Colleague: 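I'd like to ask you about the structure that follows.
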Amino acid sequence: MRESMEFDVVIVGAGPAGLSAACRLMQLAAEQERALEVCVVEKGSEVGAHILSGAVIEPRALDELFPDWKERGAPLNTPVSEDRLYLLKSAGQAIRLPDPLVPKTLHNQGNYVASLGNLVRWLGEQAEQLGVQIFPGFAAAEVLYREDGSVKGVATGDMGVAADGSRKDSFEPGIELHAKYTLFAEGCRGHLGQQLRRRFELERNADPQHYGLGIKELWDIDSARHQPGLVIHGSGWPLQGDASGGFFLYHAENNQVVVGLIVDLNYVNPWLSPFDEFQRMKHHPVLKHYLEGGKRVSYGARAIAKGGFNALPEMVFPGGLLIGCEAGTLNFAKIKGTHTAMKSGMLAAETVFEALVDGDEGGRALEAFDERFRASWLYEELYRSRNFGPALHRFGALGGGAFNFLEQSLFSGQLPITLRDRDEDHARLRPAADFSSIAYPKPDGLLSFDKLSSVFLSNTNHAENQPCHLVLKDAEVPVASNLPCYAEPAQRYCPAGVYEVSGDEREGWRFQVNAQNCLHCKTCDIKDPAQNIVWTTPEGGGGPNYPNM
């Protein structure tokens, strides 16, 4: 028998969307002198442990939520000082685009280079000071429903369950968290959010969501090469042909830079390894100039939802809402999702609070959220960038880049056309026989590294002897289907070495899942061509423990 706790609002996920919603709810309650019970449940070992982003942060939503954020000590200490945009032509050549040819959405004046993990930790402190109850280390594993089918809350996962399903001596049952309304802010490709999308048909009027895999490293570099606030973006080599994406290198504080690569998960060649593309990319002179002689101090990876406006689902359902990257509010034209996630959480909070003030007992579909959303700057911003991703997918980096420059810089996103991209990312993969395998350079241990040493820097850990959270719908598919057709791409698209194929044709092939390595990036859930892998929540507290990513 599970114990239960009652709240007015339960929020799943202590990221920028969830914590902004929690803070805004308590601000409104204080303004109207009303008692409000708000709970945030977070699967990471602490607030911020699973947060990974570039990040250049636009403070627009933060200005609204805490106008005095500077006085409160928000960790935005490095204003952007300069933007540079490059097209990498080859392993040794690059073209820097003149500023007048850079789309307006990629100009970052007024923004800050920051650690999103540290900003989220600060938001968590503000939420607790306002009276929010935050439970880190507890994974929301199940959606609970009322008899009428509306969402009643969530249940946290059981702790102390062995891999065979038996109860260990340390077993503790999960707890039911009941609420009048539940906000789901799990981030991109949330496990419970996927269930809600299917149950309530939330995607019936949306284009398929599209994703990118973002891989990031944090480096200490030579102070002589460090330029606080310098923001570098680029595309091209090594992602050419049918693969696309872009890199970033941001100069943060304390002689540190963050460097990363976003690989669009609509690529067609199953031999491609996003991790290895990133490792060899760092040898390009544009990046090597800053990294050479430095020390890599952290590593991580995370999928991002980049479908934008056209792929937004219905965010409202009976008893709750999807917010932030759970819904896909990232603005890919800006390569930013923090301010949009925060704003969506604030809009949800205002909608829920209004309902509760009116005596609402919960369980309704709060259609007023849609009205608030459409009247907000968030809607306008996402609408203006609706063609950015589809243009790149349809016309390629050069043609799509030219289209986006014209639309964003000259027409402010108001061209009277809407481009569509209705091919799901996993369905784009073609047979391995259509391509030659890719021979990636051996890591040199200076600029490029192997997967296992990288995962070590992510501080990833999962409790031993627990059920595998990477569930195969059919255990035969990887060897019987994916291997002969696609050379089992999981062993390459996973940036953490979770999936391995061993054996040979004579003795037979074996598919191994090293769930202990999992960074919770969700790429396997997205890119598996058979859609046979389902990412579920492991025991609470497991996964990466990012320090300041």
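Not measured: the values here are computed from a predicted model.
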Colleague: Given the rule in the side-chain hydrogen bond (donor to acceptor under 3.5 Å, both in side chains) test, do Ser385 and Asn331 qualify, once you have shown the distances and angles that lead to the verdict?
Modeller: CA-CA 7 Å; Ser385 63; Asn331 182 349; 3.1 Å; yes
Colleague: Return the orientation label for the Trp237 and His284 ring planes: parallel under 30°, perpendicular over 60°, tilted otherwise.
Modeller: tilted
Colleague: Less than 3.5 Å apart, any donor N or O on the side chain of Arg296 or Ser454 sitting next to an acceptor on the other?
Modeller: yes
Colleague: Go through the steps to decide whether Asn387 and Asn310 satisfy the test side-chain hydrogen bond (donor to acceptor under 3.5 Å, both in side chains), and finish with yes or no.
Modeller: CA-CA 8 Å; Asn387 290 326; Asn310 297 338; 4.9 Å; no
Colleague: Among side-chain atoms of Asn111 and Gln109, is any donor-acceptor pair under 3.5 angstrom?
Modeller: no
Colleague: Please work out whether the ring planes of His469 and His462 are parallel, tilted or perpendicular, with thresholds of 30° and 60°.
Modeller: parallel
Colleague: Just checking Lys288: does its NZ atom have more than 12 heavy atoms from other residues, nucleotides or ligands closer to it than 6.0 angstrom?
Modeller: no
Colleague: Taking the six-membered ring of Tyr440, is NZ or CZ of Lys442 closer than 6.0 Å to its centre and within 45° of its axis?
Modeller: no
Colleague: What are the two closest non-hydrogen atoms of Phe309 and Leu382, and how far apart are they?
Modeller: CB-O, 3.3 Å
Colleague: Taking the six-membered ring for Trp and the full ring for Phe, Tyr or His, determine whether the centres of Tyr290 and His251 are under 6.0 Å apart.
Modeller: yes
Colleague: Does a sphere of radius 6.0 Å around CZ in Phe449 hold more than 12 heavy atoms from other residues, nucleotides or ligands, not counting ones at 6.0 Å or beyond?
Modeller: yes
Colleague: Can you find a side-chain donor-acceptor pair between Asn108 and Lys334 that sits under 3.5 Å?
Modeller: no
Colleague: Just checking, is any N or O donor in the side chain of Glu217 or Gln279 under 3.5 Å from an acceptor N or O on the other one?
Modeller: yes
Colleague: Could you report the tightest heavy-atom contact between Cys188 and Ala303, atom names first, then the distance?
Modeller: CB-O, 3.5 Å
Colleague: If only side-chain N and O atoms count, and only distance matters, is there a donor-acceptor pair under 3.5 Å linking His520 with Lys43?
Modeller: yes
Colleague: With Lys527 as the cation and Tyr267 as the aromatic partner, state whether NZ or CZ is under 6.0 Å from the six-membered ring centre and within 45° of the axis.
Modeller: yes
Colleague: Taking the six-membered ring for Trp, are Tyr250 and His233 ring centroids under 6.0 Å apart?
Modeller: yes
Colleague: Side chain to side chain contact (heavy atoms under 4.5 Å, CB included) with Trp219: which of Asn255, Leu447, Val297?
Modeller: Leu447
Colleague: Counting neighbours of CD on Glu253 that are heavy atoms of other residues, nucleotides or ligands and sit closer than 6.0 Å, is the number greater than 12?
Modeller: yes
Colleague: Which residues pass the ring pair (Phe, Tyr, Trp, His ring centres under 6.0 Å) test with His283, sequence neighbours left out?
Modeller: none
Colleague: Check residues 540-549 and write down every donor-acceptor pair under 3.5 Å in which the side-chain atom is one partner and the other belongs to a residue at least two apart or another chain.
Modeller:
unit_1	atom_1	unit_2	atom_2	d
Asn545	OD1	Ser45	OG	2.3
Asn545	ND2	Asn459	O	3.2
Tyr546	OH	Ala301	N	3.4

Colleague: Looking at side-chain heavy atoms only, is the closest gap between Leu287 and Phe247 below 4.5 Å?
Modeller: yes
Colleague: Under the side-chain hydrogen bond (donor to acceptor under 3.5 Å, both in side chains) rule, what do Tyr112 and Glu58 come out as? Steps first, then yes or no, please.
Modeller: CA-CA 7 Å; Tyr112 293 82; Glu58 181 176 318; over 6 Å; no
Colleague: Any side-chain donor paired with an acceptor under 3.5 Å for Gln256 and His226?
Modeller: no
Colleague: Show your working on salt bridge (charged side-chain N to carboxylate O under 4.0 Å, His left out) between Glu539 and Lys168 and close with a plain yes or no.
Modeller: CA-CA 13 Å; Glu539 189 170 295; Lys168 296 186 281 189; 5.1 Å; no
Colleague: So, His107 and Asp83: side-chain donor and acceptor under 3.5 Å apart, yes or no?
Modeller: no
Colleague: Are Thr338 and Leu116 close enough, and set up right, to give a side chain to side chain contact (heavy atoms under 4.5 Å, CB included), and what steps lead you there?
Modeller: CA-CA 8 Å; Thr338 300; Leu116 182 58; 3.6 Å; yes
Colleague: Between the side chains of Asn254 and Asp220, does any donor sit under 3.5 Å from an acceptor?
Modeller: no
Colleague: Apply side chain to side chain contact (heavy atoms under 4.5 Å, CB included) to residues Ile57 and His339 and explain how you reach the verdict.
Modeller: CA-CA 7 Å; Ile57 294 176; His339 68 294; 5.9 Å; no
